[in-house]
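These notes are about the structure you will find just below.
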Amino acid sequence: MVDASEMKTGLQGVANADPLLVWRKEFPILEHTTYMISHSLGPMPRKVESAMAEFTQTWATRGIRAWEEGWWEMPVTCGNLIGSIIGAPEGRVVMHQNVSICQSIVTSCFDWNGKRNKLVTDGLNFPSNDYIYHGLKRQGAEIVSVDTPDGMTIPLEKILEAIDEETQLVSISHVAFRSSYLHDLAAVTKRAHEVGAYVLADIYQSAGIVPIDVVKLNVDFATGGSVKWLLGGPGAGYLYVRQDLDAQLEPAMTGWAAHALPFQFANGPMEYAPDIHRFLNGTPNVPAMYSARSGYEIVNKIGVETIREKSKRQTQLLISLAEEAGIKVRSPRDPELRGGAVILDVPNGKETTAEMIRRQILVDFRPGAGVRLAPHFYTSDDEVHHTISELASIVHNTRA
Ligand SMILES: Cc1ncc(COP(=O)(O)O)c(C=O)c1O
């Protein structure tokens, strides 16, 4: 039965056409904001408030006992919720503060001083990763960055050509933050493994919006965080490591939580835990994991295949409307080569973005890229139309 108030607002009709819109009520900010920025900071799920209260209550009432009642194992139990989104088996994902730390842990597993000293990376990778790689030059690493010819894509052959017998690690940002370009991870991994190199995929801009199965893809490592499509807030980065690598790898960037017997507090050389715990370091970021879980649960419930289906349709709609309005698109037109964001090249991008935010439409701007916009599963088609119509009105006034 249709409730009278729903009939009044027309929401029932909209929800019938797009069943994912029932999730809107789980995100308080959607009541008054057009939220087109989940590639940057996803909206807070309503349940995070009670999750944070649970954290404070646990601390207040259980005190130090909380460590053995769940807190100590949280980097792995919380990682399991991510695992089911990215196709990782139980116990193969650990939580850290952010991607930069996870990337540093991975690169610290290798000796950069030998003959196999190349790190091949894509020229659209996130700058933080580049900064870490260039730091490895002090240890003898050679950094090969495969350039983008158009600021938007990188031809697969160029990446494959750069990978050779001297390559230790190939780092690919699965979906480029600058253009939303979706790399062919399977092809890169196949080539890297043929020459004995490892693959590190940064899946921050794909997990939760583009289906990914780290086991099927056979990547060695994957890093990501929770701020964006996973709707988990800051401080909850994660690292996936392929199971059979535990026996081979000893990260130099480490700490007592990675020890086989951390509570023996043994000084001296490190004795690594035999399993995923060996990729931990110090005390875990417990409150961030409390805040992050509600978002993962929602994404798990809906399923990334369903989210992707809608995302492809709405990003296509965004692109068509932008083109109709005479706005230049800086993301791939083919939905199979595109992640969940669309980048639009407008004049005075910074000022235009500020005006969009003033109009309660949240988007962001990246120099050298443009205005980035992203619908997610809770976005209505009306909001997509509204976003482009407001953007066009700003752009055309600016041009006038
Ligand atoms: C693809 C990608 N990797 C890494 C980062 C940065 O991650 P962190 O701040 O967790 O180190 C971002 C954006 O913030 C990103 O888009």
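Order of listing sets the numbers, starting from 1, for every ligand and every atom in it.
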Which atoms from ligand 1 have a heavy atom of [X] less than 4.0 Å away?
X	result
Gln205	1 (C), 16 (O)
Phe177	16 (O)
Ser173	1 (C)

Specify the protein heavy atom at minimum distance from [atom]: its residue, its atom name, and the distance to 0.1 Å.
atom	result
atom 15 (C) of ligand 1	Phe126 CD1, 3.4 Å
atom 11 (O) of ligand 1	Ser100 OG, 2.6 Å
atom 9 (O) of ligand 1	Asn98 CB, 4.3 Å
atom 10 (O) of ligand 1	Val99 N, 2.9 Å
atom 2 (C) of ligand 1	Asp202 OD2, 3.5 Å

(message) Counting only heavy atoms not in Glu90 (residues, nucleotides, ligands), do more than 12 fall under 6.0 Å from its CD?
(response) no

(message) Counting neighbours of NZ on Lys47 that are heavy atoms of other residues, nucleotides or ligands and sit closer than 6.0 Å, is the number greater than 12?
(response) no

(message) Under a 3.5 Å threshold, yes or no: a donor from one side chain and an acceptor from the other, between Thr315 and Arg338?
(response) yes

(message) When you measure from the side chain of Arg178 to the backbone of Met152, do you find a donor-acceptor pair of N or O atoms at a distance under 3.5 Å?
(response) no

(request) Can you spot which of Ile172, Asp147, Asn125, Asp122 makes a side-chain contact (heavy atoms from CB on, under 4.5 Å) with Ile154? (result)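 Considering Ile172, Asp147, Asn125, Asp122, a side-chain contact (heavy atoms from CB on, under 4.5 Å) with Ile154 is found only for Asp122.
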
(request) Report yes or no: does Lys228 have a heavy atom closer than 4.0 Å to ligand 1? (result)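 Within the 4.0 Å threshold, so yes.
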
(request) Examine Arg293 relative to Tyr290 and say whether NZ or CZ is less than 6.0 Å from the centre of the six-membered ring and inside a 45° cone about the ring axis. (result)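 That pair qualifies as a cation-pi contact.
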
(request) Walk me through it: do Asp150 and Thr148 pass the test side-chain hydrogen bond (donor to acceptor under 3.5 Å, both in side chains)? (result) CA-CA 6 Å; Asp150 54 4; Thr148 162; 3.1 Å; yes

